[in-house]
Enquirer: 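Sharing a structure below in structure tokens format, with a few things to ask.
The structure presented is a predicted model; accordingly, all values stated were derived computationally and were not measured. Every chain is numbered from 1 and lettered A, B, ... according to where its sequence line falls, protein lines coming before strand lines.
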There are 2 protein chains.
Amino acid sequence: MYAQAASSVTVRTDIAELGVTRGLSRQATGHLMAISSLQRIAPGATLFAEGDDADSVYEVVHGMLRLYKLLSDGRRLITGFLSAGHLLGLASEGVCVFTAEAITEVTLCRYKRPAFERLIDEVPGFARRLLTITSDELRAAQDRMLLLGRKSASEKVASFILLMADRQSRSGVEVVDVPMTRNDIADYLGLTIETVSRTLSKLRQDGLIALTPARIEICDRDELEELAAGESDAGF
Amino acid sequence: MYAQAASSVTVRTDIAELGVTRGLSRQATGHLMAISSLQRIAPGATLFAEGDDADSVYEVVHGMLRLYKLLSDGRRLITGFLSAGHLLGLASEGVCVFTAEAITEVTLCRYKRPAFERLIDEVPGFARRLLTITSDELRAAQDRMLLLGRKSASEKVASFILLMADRQSRSGVEVVDVPMTRNDIADYLGLTIETVSRTLSKLRQDGLIALTPARIEICDRDELEELAAGESDAGF
DNA sequence: CGCAAACTTGATGTTGCTCAAGCTAGGTGG
DNA sequence: CCACCTAGCTTGAGCAACATCAAGTTTGCG
């Protein structure tokens, strides 16, 4: 709905404010805009699949994507949920190493790789900016490894809720939009859908959160943070 | 032993062949060498700890390091084992997000951050080179997430053996050095030491590997690869 | 209103963890 | 040189957390 409401003009303005260009000169931003094109995909649609040629770099303008990897028997791990401002496809040189699918309707800004790479070499500070972005992602990836390898189910779910909350940081907001399904959450946390559901129910019963479909309200952030940090508070 | 045998001259030569400078001009390499200093640490020693000021970037010249993150109750996840050629500390701007400890005796090439960052801006192609390195790490991190979140114990252990084998790629070599303890392996795979030990024993009984302390020999690489890829070969 | 997809809840099962011995190898001192 | 000691490793028995299987329930949509 809201995606259709965005007029073409509004969206062109958005590009100048995208994450990639933050800190770059007006001129550099111009160069980037010159090689960009807009793309819109429907909920559930695949942007690209693991194994595809990686011919573009994208930035999310609007909506939410899931990135995932599969094992041959279908086991899935969602490596990330991407929302407005996130860059994607940068790490995939040659062949895509994950699949990217739309969760909601998604608007993307697309940069063809050859032109994008030329800019990396030519625009001063651009490579540096991209380096900062990938470094941040790497740090987040290490946090995810700790979560996947060493946290219990309730610690994982608590961490997930707080991550989503912080990302939608109209600060002090304690109602979190959850556009993805329980299945997506499970595959993001390395759990099953049933365990996610049960754990959310438990958190609700314990008064840490309130649940409405597609929305989670944080009722006791302190307790939730303690749980997420793994301070093995007896009882969880 | 071997580390003491390396003369100062030998080591200076090594620096010119380090991973960071690959593909850079002789001049750029010179700039890097100008701000570098060598450092040697003993097995078990800590290079820096999670929370420390991140004042340097390092490259491993010799030996093996473990990087890890801790939860407050002591649960540990090893985010990576670093050997010669690996860069470290690049992603940590401000504060270190993990601890780095020597497994064997380790020789490092150290670059102070301010000088290093100046080079990023001044040496053409350097930021681009670092971007490639972090992108590679990011791809590896996503593989680790899939492993940690969705693979079984035997799949994890098989993946680990193959990873170590490929890294020591004198190609066709099927005897893998394993300088780290079972505990390190467990904390790398998100398992317990007992499960790692049992799983290795099982792989030995099944004829996929042979075990000598601190060394693993690959006997049936095909089977091991199938197992690592998660092609749920019944019986594992 | 009815249908399908998503979600919840319960009963049972299995993987990997915990607790507890024993074993092995390498280094040290008598 | 050998016996001892310790850190690391292996193995076993029992257990808990999470997965699996199986109904039901809710929700959103045509």
Enquirer: Mind calculating the distance between CG (A:Asp184) and C1' (C:dA6) to the nearest angstrom?
Expert: 11 Å
Enquirer: Send over the distance from B:Arg182 CZ to C:dC23 P, rounded to a whole Å.
Expert: 19 Å
Enquirer: Evaluate the side-chain contact (heavy atoms from CB on, under 4.5 Å) criterion for residues B:Tyr68 and B:Asp187: first the C-alpha distance (whole Å), next the side-chain angles of each, then the deciding distance (0.1 Å), finally the verdict.
Expert: CA-CA 9 Å; B:Tyr68 62 82; B:Asp187 286 347; over 6 Å; no
Enquirer: Mind calculating the distance between CZ (B:Arg215) and P (C:dG26) to the nearest angstrom?
Expert: 11 Å
Enquirer: Could you tell me the separation between the CD1 atom of A:Ile185 and the P atom of C:dC7, rounded to a whole number of Å?
Expert: 7 Å
Enquirer: Between A:Asp143 and A:Arg150, does any NZ, NE, NH1 or NH2 come within less than 4.0 Å of an OD or OE carboxylate oxygen?
Expert: no
Enquirer: Provide, to the nearest angstrom, the distance between the NZ atom belonging to B:Lys202 and the C1' atom belonging to D:dT11.
Expert: 15 Å
Enquirer: Is any NZ, NE, NH1 or NH2 atom of the basic residue among B:Asp55 and B:Arg110 found under 4.0 Å from an Asp or Glu carboxylate oxygen of the other?
Expert: yes
Enquirer: Between protein and nucleotides 12-30 of chain D, map the contacts as a letter string: B base, S sugar-phosphate only, - none, heavy atoms under 4.0 Å, written 5' to 3'.
Expert: BB----SSBB---------
Enquirer: Hey, would you say the A:Tyr188 and A:Phe81 ring centroids sit under 6.0 Å apart?
Expert: yes
Enquirer: In whole Å, what is the span from the CG atom of B:Leu148 to the C1' atom of C:dT15?
Expert: 17 Å
Enquirer: Is A:Thr46 reaching over with its side chain to a backbone N or O of A:Ala49, donor-acceptor style, under 3.5 angstrom?
Expert: no
Enquirer: What is the nucleic acid contact for A:Thr181, judged by heavy atoms within less than 4.0 Å: base, sugar-phosphate only, or nothing?
Expert: sugar-phosphate
Enquirer: Dump the intermediate steps for side-chain contact (heavy atoms from CB on, under 4.5 Å) on A:Lys69 and A:Thr79, then the final yes or no.
Expert: CA-CA 7 Å; A:Lys69 292 175 75 78; A:Thr79 58; 4.1 Å; yes
Enquirer: Taking CG from B:Leu211 and P from C:dA25, how many angstroms apart are they, rounded to a whole number?
Expert: 12 Å
Enquirer: For the pair made of CG in B:Leu189 and P in C:dT15, what is the distance, rounded to whole Å?
Expert: 18 Å
Enquirer: At less than 4.0 Å, is any side-chain N or O atom of B:Ser201 found next to OP1 or OP2 of D:dT11? Yes or no.
Expert: yes
